[in-house]
Amino acid sequence: MKAMRLSRAQPVEQSPLELVDLPAPITGSGEVRLRVEACGICRTDLHIIEGDLPLPKLPLVPGHQVVGIVDRVGEGVTRFRIGDRLGISWLFSTCGQCDFCQQDQENLCDAARFTGYHMDGGYAEFVVAPHSFVHPLPAGFTPTQAAPLLCAGVIGFRALRQSKIRPGERLGLYGFGGSAHIAIQVAIHWGCEVFVFTRSEEHRALARQLGAHWTGRAEDNPPGRLDSAVIFAPVGRMVLEALRVLAKGGTIAIAGITMTSIPELDYSLIYQERTVRSVANSTRQDVLDLLKLASEIPIRTEVQTFPLEQANHALHLLKESRFRGASVLTIP
Ligand SMILES: [Zn+2]
Ligand SMILES: [Zn+2]
């Protein structure tokens, strides 16, 4: 099978992914194999490929927003059949035994393994995953439209929940890429007023088109204070900018898997019971809930597609925030 594979972490400008021909993965007991149709590109892929995260497996096929058609089912799989269209997300498997797994926090499992990180992912023609961690997709979405829901959408959704935003409240979003352009649709569906902070005029235009109440740069002052905020940009300074305009008792959720250092902050910025928290991975329930909501709202993903072979180019554009919405690799 064709795959785009990483042998050594490098800046994307150096085209670190190499087009290779690999044996298609074999389906183990309890696993399904998908013939990949589309694989979303996530900012985490960029962090993996450039070595911002420790790499547990090399060489590695990245990609964890995978949509494909079941072409093999392993022993013991009764949930799915050949021909079903399914999605694979970041959470590849968990231990199922630890306190986190037992208490609806499988996203924090110590033994969790992640797609396109510990295991080869969807920048390839075929991928395997345990059937219990694979998701049926809502009707009405093409493979390319559905792919960004699987991580960008789910992480944004979990971050909204962790930000404690309630219907009718005022929400700030910092950074406006693949994840935020989905999160804003959920927040507006919940009746929130959304304030979007991004340096890109093109991203501000998309935010206004999707119903943002106000747009500006992180250092600008929105009219009035925010009840909650979600930070998508992996820039520690944003935490201070968001705290500066956060109401008493408000919460900031940080959606990224990594971030530059948060500068020293004056205690007065978090005094008055302001909370700053991170968001780590997602649970299968998060994926189920977001996919259900996606068809109810319905969420419209703004997608730019690239052939698999152009993964390096697409990642480079992502690094420079040079497109609207989300980017997706397609495999004919
Ligand atoms: Zn566990
Ligand atoms: Zn992701």
Side-chain angles (χ1 to χ4, degrees), residues 4 6 12 17 36 38-50 52-57 60-67 87-123 127 129-130 132-135 144 146-160 162 175-183 230-234 253-259 278-287 290-291 294 301 303 311 314-315 318-319 321 325-329:
M4 291 297 282
L6 181 74
V12 285
L17 297 177
V36 180
C39 184
I41 295 181
C42 175
R43 185 165 283 276
T44 296
D45 298 340
L46 191 58
H47 292 308
I48 290 168
I49 290 162
E50 296 203 317
D52 299 331
L53 300 172
L55 297 181
K57 175 186 184 303
L60 172 73
V61 178
H64 59 268
Q65 306 189 86
V66 192
V67 176
I88 304 174
S89 189
W90 173 240
L91 191 65
F92 182 89
S93 66
T94 58
C95 78
Q97 315 283 323
C98 70
D99 288 349
F100 295 116
C101 283
Q102 299 281 329
Q103 290 165 21
D104 299 328
Q105 289 181 298
E106 64 181 4
N107 59 309
L108 302 180
C109 172
D110 286 329
R113 292 186 300 168
F114 302 112
T115 315
Y117 187 58
H118 298 98
M119 317 301 294
D120 282 338
Y123 290 16
V127 63
S132 53
F133 284 80
V134 174
H135 304 275
T144 51
L149 298 172
L150 289 164
C151 180
V154 170
I155 284 292
F157 177 62
R158 185 171 180 88
L160 286 177
Q162 300 291 34
F176 201 76
S179 201
H181 97 284
I182 297 173
V230 177
I231 300 181
F232 293 101
I254 302 171
I257 193 165
T258 181
M259 179 179 242
S278 67
V279 178
N281 315 314
S282 52
T283 65
R284 281 172 281 182
Q285 192 63 45
D286 292 327
V287 181
L290 186 268
L291 291 178
T301 50
V303 172
L315 284 153
L318 172 65
K319 188 175 182 178
S321 302
S327 52
V328 174
L329 299 174

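The model shown is predicted, which means the values in this text are computed figures rather than measured ones. When a ligand or atom number is given, it counts from 1 through the structure's own listing order.
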Testing the basics here: between [X] and [Y], what is the closest heavy-atom pair and its distance to 0.1 Å?
| X | Y | answer |
| --- | --- | --- |
| Val66 | Leu150 | O-CD1, 3.4 Å |
| Arg113 | Met119 | NH1-SD, 3.7 Å |
| His181 | Ala326 | CE1-N, 4.0 Å |
| Ala111 | Cys95 | CB-CB, 4.0 Å |
| Ile155 | Asn281 | CD1-O, 3.1 Å |

| request: Can you list, by chain and residue number, the protein N, O or S atoms under 2.8 Å from the Zn ion (ligand 1)? | output: Cys95 SG, Cys98 SG, Cys101 SG, Cys109 SG

| query | Looking from the Zn ion (ligand 2), what is the angle between NE2 on His64 and SG on Cys42, to the nearest 10°? | reply | 110°

| field | Within-4.5 Å side-chain heavy-atom neighbours: Thr283 and Asp104 | value | no

